[in-house]
Amino acid sequence: MIRIRGLCKNYRVGAKATPVLRSIDLDVERGEFVSIVGPSGSGKTTLLHTIGGLDRDFEGDIEVCGHNLKRLDDSQLSAFRNRTVGFVFQAFYLLPHRSCAENVALPALFSPEGTSTDAIRARTREVMEQVGLNSRLDDLPTVLSGGQRQRIAIARAMFNKPSILLCDEPTGNLDQAMGETIIELFRTLNRSEQVTVLLVTHDPNIARSTSRQLLVEDGRMSDMTTDEQLDRTVGTPA
Amino acid sequence: MSRSIRLFSVVIANLQRSRSHFVLASIGIVVGIATFTFFMALGSGVRQIVLGTIFPLDQLEVVQKSLDFNLGPLQLGVGSDVLDDAKVSELATIGGVASVYPKMRLTVPAIAIGGQAILGSDLRTELIADGLEPDLVANDIAPNYVFRDFDAELRSDTTAQACTNDRECGERRYCGLPVGTRLPADPEARNAKLQVTGKVCRDYIPVIASNHVVEIYNGAIRRAHRFPRLNPQAVLGFTFDMTIGASMVRNSNKSEVIREKGMLVGFSDKAITLGITLPIGYVKRYNAAFGSERNASQYHSAVVLVPKKNDVARVAKRVGELGLDIVDTGAEQAGLLIAIFVAVFGLVSVVIVAIAAINIMHVFFMLVYERQHEIGIMRAVGATRWDVTRIILGEAALLGLIAGALGVLLALGTARFCDAISSRYIPDFPYKPETYFAFPGWLPILAIGFAIAFCILGAWFPARRAARLEPARVLSGH
């Protein structure tokens, strides 16, 4: 599903290059629920963006669902983002002037294949029902709570039935109860739709609830196989 | 639903969302396009009046080349100033020339008397007249009137109807002396001859006048003499007396005169500018009657019709090679002046629109900055760089379309307002038009296209910047 070999990435400020990811190798299988933990600025978000084809400026090889990201042009990479992956961000990034339904159906606007209006409406209702917000189709996101907004963002990410969900601290702006609801939603999607989930988090409870934990530290990645490692990195659960 | 249509819905939504920004940004475009359209329409309208009515461009008036010397108050002409049938035939063979119509000036003194029915008293004036082929002005003759040489037909008609008064002759005919009757200038001898000469039914000599005559009368003469304003259509059918061979200049009087009656049957740009124009047959006969047969075969000019404007320059060159000259009507200078006028104001409007385009560029740069997260999320869900470019340029194009259309409407309204002001407050002058503006079909299309092009130009760099935004960077807040 995801195969990364020798991934390196530098941020350049003028002539100075700061390494963010250093020679990362990673394999993720279909249906895995993976959390990525690590200190702030360690490169977690950059890794997620690189896997999702948002960032092309890297060295090494990334193969996602058979697509070698290095070899895709802008149009192919856009189609890849549209069909294969779905993003969920901490800040939701919903369009405030558009209704929930329009936000959810945003990927349909850029779908390489034409889709009928009826099909778009039907799929919108379907994913809104999955996230439990079928009654808020016509509302603007600005009238929703944080948890509801994040569920709209998840519905948008799921619109085109992606194989992989890339979630960047999706509960970072939510209280604990709402955060647990959102994680439960991911878990449900992971189980029912066989969607592979890669989730960046600082929350030890969330990290522990996933099937696999990855540590990114100083641009390097390692699998955490013991509770001690996890405790040391993200702390003990409250 | 195609991708372009889907993106268009984004464009519409974005325009509605940012309408306050766009209203301010488009004011310059509206003003610029209104200025452009207004002055192009004004230039086009004035051009139509000047080159279509005052100086028609599809015809050349050809004269014999002559060399004049100024001798104090007199001008001494060297060489001939007439054309003969051979030259007219040569002109007709030039490529691009549709037809040639010779014009003959009446070289005999003549007087016209009439006008009581219209002006309240008869006017007596020295008559300036020329003759031309009826075919040349066939389209200018008023409906139900005829412009042809009736007397030529009557000369071969031996059954002229005798009469004692006009009523016996029917509509548009009068009871007069037989064709070609010459009366002595001496009153006693003339009366004696009139006693013995029987009268017959005659057709009025059809005459046409130039539109200039009416314009000059309505614009200037009627004011000086407090005469009523003339409606060209209302004076059709106006009749007057003509005495050929008589003059208000005593020494020019001939020993014999011919009395005729004329009727106005139309107005034409091809008629003599100041005077009246008759079918050329009448003029030939009068010139022959009071001069010689040679006088009846020499033309003072010829109207050369050149239907295609592109042929005019070539025909003019060939005319020069034949040793002939073209009367300078002032059309070229007028056309040049109008072109300069249109170019100057066109340039001003282009500058206004260009400045507005810079303003639009600033607005779009600001909007791209404001919308960078939105652009980032669109890229994250599958928008290509070209999609982002298309959305921004689509907004600019739609803005240009709306602003351009408003500009055209503003120009149209301003033009109507100017025409209304002119009609109500500006005194009549020769060739005063009902409208100074012409809005050909291509003008709104050009103006709106112009607005769209400048808006797209203004949004080009912001659109490129938007397309180059790195989604990872804007979505991670770096």
Side-chain angles (χ1 to χ4, degrees), chain A residues 9 11 13 20 44-46 48-50 52-58 73-98 102-120 153 156-157 159-160 162 166 168, chain B residues 1-23 366-395 398 463-478:
Chain A
K9 169 143 183 87
Y11 277 132
V13 180
V20 186
K44 306 182 294 296
T45 297
T46 303
L48 215 58
H49 287 172
T50 312
L54 285 179
D55 195 337
R56 305 184 67 186
D57 183 19
F58 62 85
D73 61 21
D74 180 60
S75 167
Q76 291 166 326
L77 200 59
S78 297
F80 164 79
R81 289 194 299 262
N82 184 260
R83 309 296 307 179
T84 311
V85 296
F87 289 95
V88 180
F89 301 93
Q90 180 181 357
F92 321 135
Y93 291 134
L94 299 176
L95 308 184
H97 58 284
R98 295 219 161 199
E102 287 171 323
N103 268 283
V104 168
L106 194 63
L109 286 178
F110 307 104
S111 176
E113 308 88 37
T115 315
S116 73
T117 311
D118 287 344
I120 291 171
R156 179 181 65 195
F159 186 86
N160 275 342
L166 301 168
D168 189 5
Chain B
M1 198 166 34
S2 79
R3 195 178 182 106
S4 297
I5 294 172
R6 281 178 273 153
L7 293 184
F8 187 67
S9 69
V10 179
V11 168
I12 298 281
N14 284 348
L15 269 187
Q16 286 175 340
R17 179 164 50 125
S18 306
R19 59 179 170 272
S20 57
H21 288 303
F22 287 133
V23 165
M366 186 188 71
L367 287 176
V368 166
Y369 180 77
E370 280 182 3
R371 295 182 194 165
Q372 56 181 329
H373 286 135
E374 182 180 325
I375 293 166
I377 201 65
M378 287 198 293
R379 296 275 283 139
V381 299
T384 62
R385 289 183 196 278
W386 176 229
D387 287 334
V388 174
T389 306
R390 278 200 288 180
I391 289 170
I392 304 280
L393 294 186
E395 287 174 40
L398 201 54
R464 276 169 60 93
R465 176 178 287 184
R468 287 177 178 178
L469 279 176
E470 285 298 335
R473 192 169 287 258
V474 294
L475 294 175
S476 61
H478 286 116

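Sequence lines set the chain letters: A, B, ... in the order given, protein chains first and strands last, and positions in each chain run from 1. No experiment lies behind these values; they were computed from the predicted model shown.
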Would you check, one step at a time, whether the test side chain to side chain contact (heavy atoms under 4.5 Å, CB included) holds for A:Phe110 with B:Arg379?
CA-CA 9 Å; A:Phe110 307 104; B:Arg379 296 275 283 139; over 6 Å; no
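- Put simply, of B:Pro471, B:Ala380, B:Ala13, the one with the most heavy-atom pairs under 4.5 Å next to chain A is B:Ala380.
- No side-chain N or O of A:Asp74 forms a donor-acceptor pair with one of B:Thr384 less than 3.5 Å apart.
- No donor-acceptor contact under 3.5 angstrom links the side chains of A:Asp168 and A:Gln90, judged on distance only.
- Heavy-atom distances place the side chain of A:Leu95, and not its backbone, under 4.5 Å from chain B.
- Remark: the backbone N or O of A:Pro162 is not paired with any side-chain donor or acceptor of A:Thr84 at under 3.5 angstrom.
- With a threshold of 4.5 angstrom between heavy atoms, A:Arg156 approaches chain B through side-chain atoms but not through N, CA, C or O.
- The candidate with the highest count of non-hydrogen atom pairs below 4.5 Å against chain B, out of A:Arg98, A:Arg81, A:Glu102, is A:Arg81.
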Checking side chain to side chain contact (heavy atoms under 4.5 Å, CB included) for the pair B:Val381/A:Phe87: CA distance, chi angles, key distance, verdict?
CA-CA 8 Å; B:Val381 299; A:Phe87 289 95; over 6 Å; no
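- Between chain B and the residues A:Asp55, A:Leu54, A:Leu106, the most heavy-atom pairs under 4.5 angstrom are made by A:Leu54.
- Looking at A:Ala108, only its backbone comes within 4.5 Å of chain B, counting heavy atoms on both sides.
- Heavy atoms of A:Arg83 lying under 4.5 Å from chain B are absent altogether.
- B:Arg385 touches chain A through backbone and side chain together, each having a heavy atom under 4.5 Å away.
- For B:Glu374, the parts lying under 4.5 angstrom from a heavy atom of chain A are both the backbone and the side chain.
- With rounding to the nearest 0.5 Å, the separation of NE2 in B:His373 from CZ in A:Phe89 is 10.0 Å.
- Across B:Arg19, B:Arg17, B:Arg390, B:Arg371, a single residue satisfies salt bridge (Lys or Arg N to Asp or Glu O under 4.0 Å) together with B:Glu395, and that is B:Arg371.
- Interface remark: A:Ser111 contributes backbone and side-chain atoms alike to the contact with chain B (heavy atom separation under 4.5 Å).
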